[in-house]
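Here is the naming used below: chain letters follow the sequence lines, and residue numbers restart at 1 for every chain.
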Amino acid sequence: MQLVWFKRDLRSEDHQALATAAANGPVLPLYIVEPELWQQPDSSARHWGFVRECLQALDQSLRALGQPLWVIQGDAVEVLSQLHQRFGISALHSHMESGNRFTFERDLRVLALCKDKAIPWLEYRQHGVLRGLRQRENWAEQWERLMSKPLVHCPPLTGPGEGPFELDFECGTDLAHRQRGGAAQGWKLFDSFVSERGEHYRQTMGQPMQAGRSCSRLSPYLAFGAMSLREVTQRSRMITKTQYTAPSAWKSSMRSFDKRLHWHCHFIQKLESEPRMEFEALHRGMQALYPAEADPLRLQAWVAGQTGWPLIDACMRAVEHTGWLTFRMRAMVVSCASYLLNLPWQSTALPLARAFLDYEPGIHYSQMQMQSGTTGINANRMYNPVKQGFEKDPAGEFVKRWCPELEAVPKEWIHMPYKAPRSLQQKWGIKLGDDYPLPLIEPEQALREARHRLKQYRAMYDLGEEAKRVLKMHGSQLRQNRPNYNDSKAGLDQLDFDF
DNA sequence: GACAATTTATA
DNA sequence: ATAAATTGT
């Protein structure tokens with residue numbers, strides 16, 4: 001009996017596993033519910049509903065092939081070892097996972113079991129991420145080659161996507177309209193993105209009120225493997241080629257989307273190549289940039305959306321509630337927590353991972369470190385939350401949706417109510433420090449302190465050699481070919497060009 | 001023993 | 001996919 005082990009949920013490329021296995025004889029499709037995995041501090045347990053929907057969709061697809069999904073609870077090694085005792089596993093097929101330390105170590109135990117019982121374990125590559133990679137040269141070309149490879153035949157995609165369900169693209173507070181699991185849902189979103197919603201993706205992806213509609217919203221399906229990145233890439237390129245050839249908003253939006261599909265793997269590859277980055281600074285010299293322990297009051301205020309910086313608070317409350325936030329706002333909340341509040345990224349990474357419906361370890365830790373300045377090869381991006389507020393949410397709509405206590409504040413003051421004269425605050429009927437918190441620290445002062453800390457740190461350590469190592473192993477080719485990457489202007493990461 | 005072909009290991 | 005390790009000539 002061959003096992004096809006769906007390690008997360010419907011890993012689309014596991015159809016390759018399924019197809020390969022089925023060609024060799026009888027197959028048992030298996031999903032193991034691992035209690036320990038779901039108890040990890042970065043666990044997606046609160047999004048179990050989404051995962052269950054993905055599993056139901058997978059089960060329906062498999063039943064159509066006459067092989068229902070087996071779902072067994074327990075430790076992966078124990079479950080596999082018992083199945084081996086009962087049925088005799090002739091081969092184990094699964095996807096190649098780039099996950100957190102828990103899944104890495106679990107896979108090592110599974111590997112030991114397979115070696116012991118002489119079970120061949122075939123791990124199929126998911127997307128553009130390569131195992132055993134030592135340096136980034138030619139990575140982009142390889143990504144292109146992998147993405148243009150022909151798709152593996154998929155069983156019919158059924159599941160909750162067939163119902164009349166509509167996603168609330170405004171990311172409102174009604175959870176009846178949360179994102180739903182299953183490939184069919186994902187493809188429905190894909191269709192509406194490439195035909196209607198995505199036209200102004202490029203211009204509006206940074207604005208929290210508009211991004212919910214103009215972004216694809218495919219991230220959860222890609223994270224849980226309900227959709228294949230290769231299929232999304234190929235289909236969106238085909239649509240661009242046939243429908244959006246002339247220069248237009250559509251064309252630049254589609255190009256922008258394509259870049260992000262590429263970055264998806266670019267970031268996961270970092271964790272694959274250097275798994276210690278889940279816990280340690282990628283640039284070893286940057287380890288001491290942040291205190292070992294987070295200031296508990298500041299951390300608590302940030303997590304709860306009670307910092308007194310309206311846009312940050314609105315973002316934190318929104319992501320806690322809906323599981324989604326547009327990329328630019330994620331960058332901002334992390335940058336402000338790290339630079340302005342001096343909170344170590346390890347402490348803010350966990351509550352965010354739990355909140356994100358689309359938590360993908362490789363992207364998450366790459367971004368946490370990038371927005372905290374610990375990669376040593378990216379430009380330091382410090383955001384002023386007040387300035388960002390007036391730029392990205394000029395009418396204050398987003399802030400008012402998630403911080404209703406600020407409803408009466410006019411847009412001129414909405415992002416800095418604490419600066420308004422007392423008489424005005426009285427007129428609005430708001431008592432700061434009571435109805436809404438006073439800021440933990442004024443952004444301007446926090447920015448001054450952060451710049452000072454960084455300057456002092458840089459003066460204290462010689463960071464050049466390690467930066468070269470990180471660049472060689474993790475830098476995109478675009479950057480490696482730029483000679484003055486250390487120069488403050490040339491050192492901007494490619495991400496900066498696209499906002 | 002030198003070199004080519006093949007297998008293995010690779011977070 | 002790739003490089004290192006192993007086997008074959």
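- The closest side-chain donor-acceptor pair between A:W324 and A:Q179, if any, does not fall under 3.5 angstrom.
- Atom C1' of nucleotide B:dT10 and atom CD of A:Q269 are separated by 12 Å, given to the nearest angstrom.
- A straight line from CZ of A:R131 to C1' of B:dT10 spans 8 Å, rounded to a whole angstrom.
- Note: CZ (A:R125) to C1' (B:dT10) measures 12 Å, nearest angstrom.
- Atom NE2 of A:H474 is separated from atom C1' of B:dA11 by 12 Å (rounded to the nearest Å).
- Look at CH2 on A:W121: it is 11 Å from C1' on B:dA11, rounded to the nearest Å.
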Any protein N or O atoms within reach of nucleotides 2-4 of chain C? Criterion: under 3.5 Å, listing atom names and distances.
unit_1	atom_1	unit_2	atom_2	d
C:dT2	OP1	A:Q142	NE2	3.2

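- When rounded to the nearest whole Å, the span between NE2 of A:H127 and C1' of C:dA1 equals 16 Å.
- Here A:E97 lies in heavy-atom contact (under 4.0 Å) with a base.
- Residues A:H95 and A:R8 bring no donor and acceptor atom of their side chains to less than 3.5 Å of each other.
- For the pair A:Q126 CD and C:dA1 P, the interatomic distance rounds to 16 Å; values are reported in whole Å.
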- Task: Applying salt bridge (charged side-chain N to carboxylate O under 4.0 Å, His left out), run through A:R284 and A:E280 and close with a yes or a no.
- Result: CA-CA 8 Å; A:R284 290 187 172 89; A:E280 295 168 21; 5.2 Å; no
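- In this structure, CG of A:D107 is placed 11 Å from P of B:dA11, rounded to the nearest angstrom.
- Aromatic ring centres of A:W345 and A:H364: separated by at least 6.0 Å.
- Partner A:V27 forms a side-chain contact (heavy atoms from CB on, under 4.5 Å) with one of A:L3, A:V4, A:L62, A:L65 and no other, that one being A:V4.
- The cationic group of A:R330 lies under 6.0 Å from the six-membered ring centre of A:F356 and within 45° of the ring axis, placing it in a cation-pi geometry.
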